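Each remark here refers to the structure printed beneath this line.
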Amino acid sequence: MAVTGRLGLLALLGALVVGLLFPSGTGVAIVVAVLLVLVVVDLVLAGSVRALRFSRSGTTSVRLGEPAEVTLTVTNPGGRTVRGSLRDAWPPSAGADDRHALVVPSGERRALATALLPTRRGDRVAARVTVRAVGPLGLAARQGSHEVPWAVRVLPPFHSRKHLPSRLARLQQLDGRNAVLIRGQGTEFDSLREYVIGDDVRSIDWRATARASDVMVRTWRPERDRQLVLVLDTGRVSAGRVGDAPRLDAAMDAALLLAALASRAGDRVDLVAYDRRVRASVPNASTPSLVNALATVEPSLVETDARGMVAEVLRRTRRRALVVLLTGLEPAPLEEGLFPVLGSLTARHEVLVASVADPRVAEMAASRGSAEAVYDAAAAERALAGRESSVAWLTRHGVGVVDAVPEELPPSLADRYLALKAAGRL
């Protein structure tokens, strides 16, 4: 039972009036007794909260930043009208407009729409539905809560999909559909044509040249059905925030664009999210399955087990593939973790490391306005030097590196993939 604020106001006014008319305590006691009787009557006549029945319908998945709507249907099987308010509670990150006025006559039902605007990825699960049913006099109310399960999966926003059309156009050129042919080792033979300045001399077909009156070269088209393994590092480094989001979210965006592009190229795409154990695994992934699997992946505040991660990739991938590691370039974790075991990976696969750079570090390195800014610039320069050292080490050991700010990482990684295709290394 809940007593409304109107009761206190009436009691106070009544006690004040009676106190003025009847200075003795008898008048006040009469007013209080009458009000208590009215409260009890009002409470008895209020609709039953426990008898209400609930069901849900509506959105089950939505991209981060987009609106969603979940409908709560309230059925009143009781004999009295339920009139009052309802709160459809959700976690704060669901961004729910959760308070509703409620009037449900006996034997009828009402649908209440709760608007959601999620601010975080993952499963947003509905909490309790709380109903306060006010009596006809508005003096008292019954209140009760009900569990009405529902969950909305908030998917990664995939902002980088805007870059997909331009990369697909380039992929079509590489694939020969726009009559643009490429040369290189490890691709499928397409046809012969005359040599022009700039062609790779390794593509010259000497037998065809001997039969022809000009130097002839072979043209190639990219092989299909190659394998791409995306490895998301979900350890401590991925939890660092760049702007308003953790590094992991930017890495996910880059992985989604690359996966969509590679799938259109006819390549097999596998994904593994790993820190000290496998957090997500999607073999032969499509873009929808990747988006759904990554929705619930969160960074872990532990140091990544690089040896276990490399072993997991080698166990899953038998034939030669392009392995893309989305991880950090901070020297300390790389020197202690990835560097000692990277050789076993590069011996069997083409390896590419992609990392999210913080634009704020470059801004700090350029600041000189005060003594504090100079200290910040020195720290930023040291951080940049460490990343450059990591890039140099990886490059010397045959590993490609893409290091870019969150907005530029997805298209840069896709461009590197297309460059490998064009060079015949995929």
Side-chain angles (χ1 to χ4, degrees), residues 54-73 86-100 111-130 146-162 164 230-235 238-239 241-263 269-275 277-301 326 356 406 410:
F54 300 88
S55 62
R56 290 189 186 272
S57 61
T59 303
T60 56
S61 64
V62 65
R63 290 193 183 277
L64 181 64
E66 296 181 357
E69 186 175 275
V70 176
T71 300
L72 177 70
T73 301
L86 177 146
R87 186 190 179 201
D88 184 9
W90 291 75
S93 57
D97 183 10
D98 57 3
R99 298 185 183 274
H100 307 275
L112 305 173
T114 299
L116 307 176
L117 188 61
T119 57
R120 287 184 58 188
R121 288 184 297 101
D123 291 333
R124 305 277 79 84
V125 181
R128 293 183 175 185
V129 173
T130 302
H146 300 259
E147 297 287 348
V148 189
W150 193 262
V152 175
R153 174 156 291 189
V154 184
L155 307 172
F158 194 10
H159 295 307
S160 62
R161 63 182 179 273
K162 64 186 178 184
L164 188 57
L230 297 170
V231 185
L232 272 177
D233 181 353
T234 57
S238 69
R241 300 188 72 84
V242 177
D244 296 330
R247 276 190 169 92
L248 181 61
D249 284 24
M252 284 182 181
D253 204 35
L256 288 172
L257 178 63
L258 181 56
L261 182 61
S263 296
V269 179
D270 296 338
L271 178 132
V272 179
Y274 194 95
D275 42 67
R277 62 181 180 86
V278 176
R279 300 290 178 176
S281 175
V282 189
N284 200 14
S286 63
T287 302
S289 63
L290 275 180
V291 171
N292 190 64
L294 292 176
T296 57
V297 176
E298 297 291 346
S300 302
L301 298 181
L326 293 120
V356 181

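What you see is a predicted model, and the numbers here were worked out from it, not measured in a lab.
- The side-chain heavy atoms of Thr60 and Val70, taken from C-beta on, include no pair separated by under 4.5 Å.
- By the 6.0 Å contact criterion, CZ on Arg161 is enclosed, its count of non-hydrogen atoms from other residues, nucleotides or ligands being greater than 12.
- When the side-chain hydrogen bond (donor to acceptor under 3.5 Å, both in side chains) test is applied to Ser281, the partners found at least two apart in sequence or on another chain are Arg316.
- Residue pairs meeting the salt bridge (Lys or Arg N to Asp or Glu O under 4.0 Å) criterion with at least one partner in residues 287-297, sequence neighbours excluded, do not occur; the list is empty.
- Between the CG atom of Leu326 and the OG atom of Ser238 there is a distance of 10.5 Å, given to the nearest 0.5 Å.
- Under the side-chain hydrogen bond (donor to acceptor under 3.5 Å, both in side chains) criterion, Arg241 pairs with no residue at all, not counting sequence neighbours.
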Output, in order, the C-alpha distance, side-chain angles, deciding distance and verdict of side chain to side chain contact (heavy atoms under 4.5 Å, CB included) for Val148 and Asp88. CA-CA 9 Å; Val148 189; Asp88 184 9; over 6 Å; no
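- Among all heavy-atom pairs drawn from Ser263 and Ala285, the shortest one is OG-O, 3.9 Å.
- Taking Ala151 as the reference, Val125 meet the side chain to side chain contact (heavy atoms under 4.5 Å, CB included) condition, with sequence neighbours excluded.
- Side chain of Thr234 to backbone of Ser300: no donor-acceptor contact under 3.5 angstrom is found.
- The shortest non-hydrogen separation linking Ala113 to His100 is O-CE1, 3.1 Å.
- Residues satisfying the side-chain hydrogen bond (donor to acceptor under 3.5 Å, both in side chains) criterion with Ser286, sequence neighbours excluded, are Ser289.
- Using a 4.5 Å heavy-atom threshold, the side chains of Asp97 and Leu117 count as separate.
- Put simply, the side chain of Thr59 gets close to the backbone of Glu69: a donor and an acceptor are under 3.5 Å apart.
- Side-chain N/O atoms of His146 and Thr130 include no donor and acceptor closer than 3.5 Å.
- Remark: Thr296 engages Asp123, Arg153 in a side chain to side chain contact (heavy atoms under 4.5 Å, CB included) (not counting sequence neighbours).
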List the atom pairs, with distances to 0.1 Å, where a side-chain N or O of residues 245-254 and a protein N or O form a donor-acceptor pair under 3.5 Å, not counting sequence neighbours.
from, atom 1, to, atom 2, distance (Å)
Arg247, NE, Val356, O, 3.2
Asp249, OD1, Arg121, NE, 3.3
Asp249, OD1, Arg121, NH2, 3.0
Asp253, OD1, His159, N, 3.1
Asp253, OD1, Ser160, N, 3.4
Asp253, OD1, Ser160, OG, 3.3
Asp253, OD2, Ser160, N, 3.3

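- For Arg87, the side chain to side chain contact (heavy atoms under 4.5 Å, CB included) criterion is met by Ala89, Asp98, Arg99, not counting sequence neighbours.
- Taking CG from Leu258 and CG from Leu271, the interatomic distance works out to 10.5 Å, rounded to the nearest 0.5 Å.
- Looking only at side-chain heavy atoms (C-beta outward), Leu232 and Val272 stay at 4.5 Å or farther from each other.
- By the ring pair (Phe, Tyr, Trp, His ring centres under 6.0 Å) test, Phe158 is found to be paired with no residue, residues two or more places apart in sequence or in another chain being considered.
- In this structure, Asp270 and Leu230 have side chains that are not in contact, with every pair of non-hydrogen atoms separated by 4.5 Å or more.
- Shortest non-hydrogen contact noted between Val154 and Pro118 is CG2-CB, 3.6 Å.
- With sequence neighbours excluded, no residue forms a side-chain hydrogen bond (donor to acceptor under 3.5 Å, both in side chains) with Thr287.
- Considering all non-hydrogen atoms of both residues, Ala273 and Val297 come closest at CB-CG1, 4.3 Å.
- Atom OG of Ser61 is separated from atom CG of Asn292 by 7.5 Å, given to the nearest 0.5 angstrom.
- In this structure, Phe54 and Thr73 have side chains that are not in contact, with every pair of non-hydrogen atoms separated by 4.5 Å or more.
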Run the side chain to side chain contact (heavy atoms under 4.5 Å, CB included) check on Thr71 and Leu112 step by step: do they pass? CA-CA 6 Å; Thr71 300; Leu112 305 173; over 6 Å; no
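- The shortest heavy-atom contact between Pro156 and Val291 is CD-O, 3.4 Å.
- For Ala126, the side chain to side chain contact (heavy atoms under 4.5 Å, CB included) partners two or more places apart in sequence, or in a different chain, are Arg56, Trp90, Trp150.
- You'll find the side chain of Leu256 reaches within 4.5 Å of the side chain of Leu290, heavy atoms only.
- Across every non-hydrogen atom of Glu147 and Pro149, the tightest pair is O-CD, 3.7 Å.
- For Arg277, there are no salt bridge (charged side-chain N to carboxylate O under 4.0 Å, His left out) partners at least two apart in sequence or on another chain.
- A distance of 9.0 Å separates CG of Leu64 from CG of Leu155, quoted to the nearest 0.5 Å.
- By the 4.5 Å heavy-atom criterion applied to side chains, Val152 and Val62 are counted as neighbours.
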